[in-house]
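These notes concern the structure reproduced below.
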Amino acid sequence: MSDLNTQMPSGDDVTQRHDLKPAFSHDLFEQVLQRKNLQTAWNRVRANKGADGINGMTLDEFPAWAKAGHWKTVTTDLESGQYQPSPVRRIEIDKPDGGKRQPGIPTVTDRVIQQAIAQVLTPLFDPGFSKHSFGFRPGRNGQQAVKQVQSLIKEGRRFAVDVDFSKFFDRVNHDLLMTHLGRKVQDKRLLKLISQYLRAGIIDNAFYIESREAAPQGGPLSPLLANIMLNSLDQELEKRGHKFARYADDFSSLAKSRRTGERVLRCISYYLKNRLKLVVKTTESQFLGFTFRAGCIQWHPKTQLKFKQQVRRLTNRNWGVSMRFQLFKVNQFLRGWINYFGIAALRRSG
DNA sequence: AATGATCCAAC
RNA sequence: AUUGUUGGAUCAUU
C-alpha cells in the first residue's frame, strides 16, 4: 500500500533506488491491461504478421472480432480470473543446420496478452539480469557476446566450457520458474495467469498434449521466461568469479585451466542433467556461428557453407524474373548478412 | 522526433 | 507453409 511510499527516505537515497518500485508491484495486472499497453502489444503482434493459432483466427480477422465485444469479454474474464488461455498449435520448422525445432503458436488473442505481459515484466526483470547474458535482451546482441568471448581468450583463457541448453526448456520446473517470478511479481492474479500459460498445453495434429514441464517456445513471453530461468545460473557463476557469455541457451565459459573449466561444469550440473557438456581448447570452441583461432574471430565452417548455398540459390536464374530484380534481391541479402558476420573481418588484433 | 514496409543474423 | 524475442541494414511516409 501507500505506506511503502512513506518509508522512502527523502534525500540522496531516493535517487539510488529509483529503479525499485515496490509500491507498484501489486498493481502489475492493471498495468498489463492498460489500454495503451494493450494497443502497443497488438501493434507488435500485427507487425509480426504471424500465423493463426489453434482457433484459426487470423490477424486480419482479429480487429473485427475484438470490436464485436469479444475483447471486452476477454478483459472481464482476465480481471475475474475466469480467462483460460488456449493451447498452442505445434508446428515443425527446419533449422539451418539440419535439425528441427517445434515451437507452439498461441492464438492471436493469447499473443496479444502475452506481449502485454512481456512489456510490463521486461523493465522489471531485465535490469537485474547478468551483464554476461546477451540473448533476447534490449540493447544487447550476439556480436557483443562473441566479442566478450574473444576478449576473455585474449586474457589467456585457453579452455572453453561449451554448453548447449537447448533441451533444457523441454523440462522446466514450473514451480521453480514461478518462484523466480514471485521474487519481483507480487500480483497473484498475474502469477496465476502466467502459470496458466505454462500449462495451457499443446495441440499436435489434433491431439492434445499436456505441458506439465515444458516451457512452450513461440509465445512473446517465452524468451523473457527463459532468461528468468537461467538468470539464477548466471548469478551463481558470477558469484564464483567464473567468466562466461550466454546467449539464450547457447553458453560458453572461458577458463585458464582445465581444472577450473571442470569446476564450471560442476557448478552448472543441475542445469545440465545428462546433456551435452564439454571442456575443449578455445581453438575448437564455437559460439553463435563463429570460431576463435589465432586470436581472430572467424566464420564457422558451417556458416561458410550456409552462405555459399544461399548465394547459389539466389543466383540460380531458372526462376523467370528480371535481372534487375534478382540483383536487387542479392544485394539485399548480402547487405544483411555482411552486417552480422562483418565483425569477423574486423577485430584481428591480438 | 515518430511509424510503415523489405531484408539479415543469433537463439 | 513458419511462432517468438533481440540486434542490425535499407527504403518509404507526416
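Sequence lines set the chain letters: A, B, ... in the order given, protein chains first and strands last, and positions in each chain run from 1. Only a predicted model underlies this, so the values are computations on that prediction, with no experimental measurement involved. Only this structure's heavy atoms are used, side chains among them; waters, hydrogens and symmetry mates stay out.
- Minimum atom distance to the side chain of A/Pro223 is reached by C/U5, of the listed C/U3, B/dC7, C/U5.
- Straight-line distance from the CZ atom of A/Arg101 to the C1' atom of B/dA9: 13 Å, rounded to whole Å.
- A/Leu288 comes within 4.0 angstrom of sugar-phosphate atoms only, judged by non-hydrogen atoms across all strands, and of no base.
- At C/U2, none of the side-chain N or O atoms of A/Gln102 fall inside 4.0 Å of OP1 or OP2 (strictly under the cut-off).
- A donor N or O paired with an acceptor N or O is not found under 3.5 Å between the base of C/U5 and the side-chain atoms of A/Arg137.
- When the C1' atom is used for both C/U3 and B/dG4, the distance is 22 Å, rounded to whole Å.
- Defined by atom type and a distance below 3.5 Å, a donor-acceptor pair is missing between the side-chain atoms of A/Arg246 and A/Asn231.
- Distance, A/Leu221 CG to C/U5 P: 11 Å, rounded to whole Å.
- Each of C/U2, C/U6, C/G4 was ranked by its minimum atom distance to the side chain of A/Arg44; first place goes to C/U6.
- A/Gln144 comes within contact range of no nucleotide atom at all, as no heavy-atom separation falls under 4.0 Å.
- Counting any heavy atom pair closer than 4.0 Å across all strands shown, A/Gly219 reaches sugar-phosphate atoms only and no base atom.
- OP1 or OP2 of B/dT3 has not a single side-chain nitrogen or oxygen of A/Arg46 nearer than 4.0 Å.
- Nucleotides of DNA chain B nearest to A/Phe136 and A/Lys49 differ in position, and the one nearer the 5' end is that of A/Lys49.
- In terms of phosphate contacts, A/Asn227 brings no side-chain nitrogen or oxygen within less than 4.0 Å of OP1 or OP2 of C/U6.
- Under a 3.5 Å cut-off, the side chain of A/Gln114 and the backbone N or O of A/Arg111 do not form any donor-acceptor pair.
- Note on A/Gly53: nothing from the nucleic acid sits closer than 4.0 angstrom, heavy atoms only.
- For the pair A/Leu121 CG and C/G4 P, the interatomic distance rounds to 18 Å; values are reported in whole Å.
- Taking atom OH on A/Tyr247 and atom P on C/G4, their separation rounds to 16 Å, with Å as the unit.
- Distance CZ (A/Phe287) to C1' (B/dA9): 14 Å, rounded to an integer number of Å.
- Picking from C/G4, B/dT6, C/U6 the nucleotide with the shortest atom distance to the side chain of A/Pro138 gives C/U6.
- Atom CD1 of A/Ile202 is separated from atom P of C/U3 by 17 Å (rounded to the nearest Å).
- Within the 4.0 Å cut-off from OP1 or OP2 of C/U3, not a single side-chain nitrogen or oxygen of A/Arg90 is found.
- Using modelled atom types, one finds no donor on one side chain facing an acceptor on the other under 3.5 Å when comparing A/Ser130 with A/Gln235.
- Listed nucleotides C/U3, C/G7, B/dA9 differ in distance to A/Asn141; the shortest reach to its side chain belongs to C/G7.
- Under the 30°/60° scheme for interplanar angles, the aromatic rings of A/Phe333 and A/Phe307 are found to lie parallel.
- A donor-acceptor pair is defined here as one N or O able to donate and one able to accept, closer than 3.5 Å; such a pair exists between the side chain of A/Asn37 and the backbone of A/Val32.
- B/dG4 atom C1' lies 11 Å from atom CG of A/Asn43, rounded to whole Å.
- Using modelled atom types, one finds no donor on one side chain facing an acceptor on the other under 3.5 Å when comparing A/Thr40 with A/Asn43.
- Checking C/U2, C/G4, B/dC8 against every side-chain atom of A/Ala51, the shortest atom distance belongs to C/U2.
- Because its NZ or CZ atom is both nearer than 6.0 Å to the ring centre of A/Phe134 and within 45° of the ring axis, A/Arg140 counts as a cation-pi partner of that residue.
- Place A/Glu92 and A/Gln115 on RNA chain C by their nearest nucleotides, and A/Glu92 ends up nearer the 5' end.
- If you take CZ of A/Arg335 and C1' of B/dA9, they are 15 Å apart, rounded to a whole angstrom.
- Phosphate contact (OP1/OP2 of B/dA10, side-chain N/O of A/Lys306, threshold under 4.0 Å): present.
- The side chain of A/Gln310 contributes no N or O atom lying less than 4.0 Å from OP1 or OP2 of B/dC7.
- Taking for each of A/Gly135 and A/Gln217 the nucleotide of RNA chain C with the nearest heavy atom, the 5'-most of the two is the partner of A/Gln217.
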